There are 2 protein chains.
Amino acid sequence: MGENDKLTEERIFDAATDVFLDKGMDGARMQDIADRATINKALLHYYYRTKDKLFNAVFEKIAGKLFSKFAPVFSENLSLEEKIRFFFREHITFLQQNPRLPAFILNEINRNPARMRKILNNIDINKLWSVLEEQHHDELVRYNITKESIPQIMTTIAAISVFPFAARGLLEAIFEKMNITFDSYIEERKVFAADFVIKALTK
Amino acid sequence: MGENDKLTEERIFDAATDVFLDKGMDGARMQDIADRATINKALLHYYYRTKDKLFNAVFEKIAGKLFSKFAPVFSENLSLEEKIRFFFREHITFLQQNPRLPAFILNEINRNPARMRKILNNIDINKLWSVLEEQHHDELVRYNITKESIPQIMTTIAAISVFPFAARGLLEAIFEKMNITFDSYIEERKVFAADFVIKALTK
DNA sequence: AATAGGATAAACCAAATAGTTTAACCAAAA
DNA sequence: TTTTGGTTAAACTATTTGGTTTATCCTATT
């Protein structure tokens, strides 16, 4: 019954995603995952033999989702400034819908850096620079963006987008005292972030 | 023998800090901590009755250390621009010496937000704005910094400083392929970050 | 000399947990 | 009708782990 099959496997995968996102690899319990998928432990192990295999499947899917959001920057036909605005709008909106991803990824990356290296092996980092230079040569000159400054700029952009979600628990506690909500702060951030970065880059 | 006493308690505390920083609350093992302190488990429990109490002690110390680094911004007698430069230089240098703190704090905050709230209760967030406005009224106007924009600006500054360390495992993997080291990137960042923020804020 | 308390080794306990096994159920396919 | 394979409940194993207990040792203080 290949139909029902997929349903169950998917239910397991979704339940596992949910539990791992909440508790991390160490804190997650196989029984929890089975419960959340409303199956029993035997069946859980029947589909994913070990906790490790299950976790790896979940982690790779999540990491893929998170990083794939960076791709349009290299494909969309927009000016550099438009791309920056586009990126923050899209990426932050994505994180709004998947707010637990950043903390999860950052935590598991530090627990097991090898896992990350394996995923990154599929990406040719150096090629990205060539593509960027090809598409935006004039703008790069105008903004004074060099190959050397790329690491600083890119990590700054990532930081501005990702950090609020990674530090969500902390920020919510602070914002509570200032009478502002995390949600409105995030909504504002989509344009604040773009303005801020463009301003900083403009000569 | 109060002397030796303190030595042991400190050895335990340091060992616990080390293990918790590496493995987190869930991943840490009491036996590991005892081993690293070169004492036995009985004595470990003799000093800190439970894993939870030990963890809380470690967490509060670490959180205190991390946040205390934000304080000089309100005490040093410098212009706003100088303060921004001062902050990034000092804070990033501190993180260079304690690179595992950010990932640890962010992770544990999300696992147990209540713990953070308790610590933040000792800080009067709203007062900080008054102090800032008192000390830098003219500059705030000049830079177009309002009470409303403070959350965006402050979290951006924190993000730029903290994120590289929280994402260290990821960045190291990427930088490897670009033939640059995390250390040189961080060294650069002390001034890049300040320049970037000041540029973004200047009208 | 006696005592108190830090320190140890080692065995122990109870609970949690990953993973396995077994026997039985049921529906769809052969 | 038989077989196959997804599915279940439940008991079970082996190991890990937080925490306790006990008996013993050592040393500084009384």
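To find a chain, count down the sequence lines: A is the first, B the second, and so on, and within it residues start at 1. Predicted model only: the values in this text are computed from it and were never measured.
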Across all chains, not counting sequence neighbours, the ring-ring contact (aromatic ring centres under 6.0 Å, His included) partners of B/F196 are B/F192
When rounded to whole Å, the CZ to C1' distance for the pair B/F20 and D/dG18 reads 12 Å
Would you say A/N77 has more than 12 foreign heavy atoms packed within less than 6.0 Å of its CG? no
Quick note, salt bridge (Lys or Arg N to Asp or Glu O under 4.0 Å) partners involving residues 107-116 of chain B, not counting sequence neighbours, are none
Taking only residues two or more places apart in sequence, or in another chain, which ones meet B/D195 in a salt bridge (Lys or Arg N to Asp or Glu O under 4.0 Å)? B/R85
Report the distance from atom NZ of B/K53 to atom C1' of D/dG18, rounded to the nearest whole Å. 14 Å
Whole-Å gap separating P (D/dT17) and CG (B/L54): 16 Å
Output the residues of residues 25-32 of chain A in contact with DNA chain C, where contact means a heavy atom of the residue under 4.0 Å from an atom of the strand; sort by number or write none. A/A28, A/R29, A/M30
Between N or O atoms, less than 3.5 Å apart, protein on one side and nucleotides 22-25 of chain D on the other: list the pairs.
none

Where does DNA chain D pair, written as one dot-bracket string 5' to 3', with Watson-Crick or G-U pairs under 3.5 Å, ( ) inside the strand, [ ] for crossing pairs and | for another strand? ||||||||||||||||||||||||||||||
N or O in side chain of B/T50 less than 4.0 angstrom from D/dG18 OP1/OP2: no
Partner residues of B/E172 under the salt bridge (Lys or Arg N to Asp or Glu O under 4.0 Å) criterion, sequence neighbours left out: B/R168
Phosphate oxygens OP1/OP2 of C/dG19: is one of them under 4.0 Å from a side-chain N or O of A/Y48? no
Listed partners of B/F13 passing ring-ring contact (aromatic ring centres under 6.0 Å, His included), at least two apart: none
Short side-chain donor-acceptor distance under 3.5 Å, A/S130 and A/E133: no
Does the side chain of A/K83 come under 3.5 Å of the side chain of A/H136 through a donor N or O and an acceptor N or O? yes
Is the A/F182 ring parallel, tilted or perpendicular to the A/F165 ring (thresholds 30°, 60°)? perpendicular
Heavy atoms within less than 4.0 Å of DNA chain D: which residues of residues 33-40 of chain A have one? Give them sorted by number. A/T38, A/I39, A/N40
If I take atom CD in residue A/E9 and atom P in nucleotide D/dT7, what distance separates them, rounded to the nearest angstrom? 10 Å
Between C/dA10 atom C1' and B/H45 atom NE2, what is the distance in whole Å? 16 Å
Figure out the NZ/C1' separation between B/K41 and D/dT21, and round it to whole Å. 12 Å
Could you work out which one of D/dT7, D/dG18, C/dA7 sits closest to the side chain of B/Y47? C/dA7
Rounded to the nearest Å, what distance is computed from the NZ atom of residue A/K51 to the P atom of nucleotide D/dT16? 14 Å
List the residues meeting ring-ring contact (aromatic ring centres under 6.0 Å, His included) with A/Y143, not counting sequence neighbours, and say none if there are none. none
Determine whether more than 12 heavy atoms belonging to other residues, nucleotides or ligands lie under 6.0 Å from atom NZ of B/K23. no
Please list all pairs passing the salt bridge (Lys or Arg N to Asp or Glu O under 4.0 Å) test where one or both residues lie in residues 46-74 of chain A, with sequence neighbours left out. A/E60-A/K118
A/F20 and A/F55 aromatic ring geometry - parallel, tilted or perpendicular at 30°/60° bounds: perpendicular
Go through the structure and list residues passing ring-ring contact (aromatic ring centres under 6.0 Å, His included) with A/F163, not counting sequence neighbours. none
Starting at CZ of A/F55 and ending at C1' of C/dA18, how long is that distance when rounded to a whole Å? 16 Å
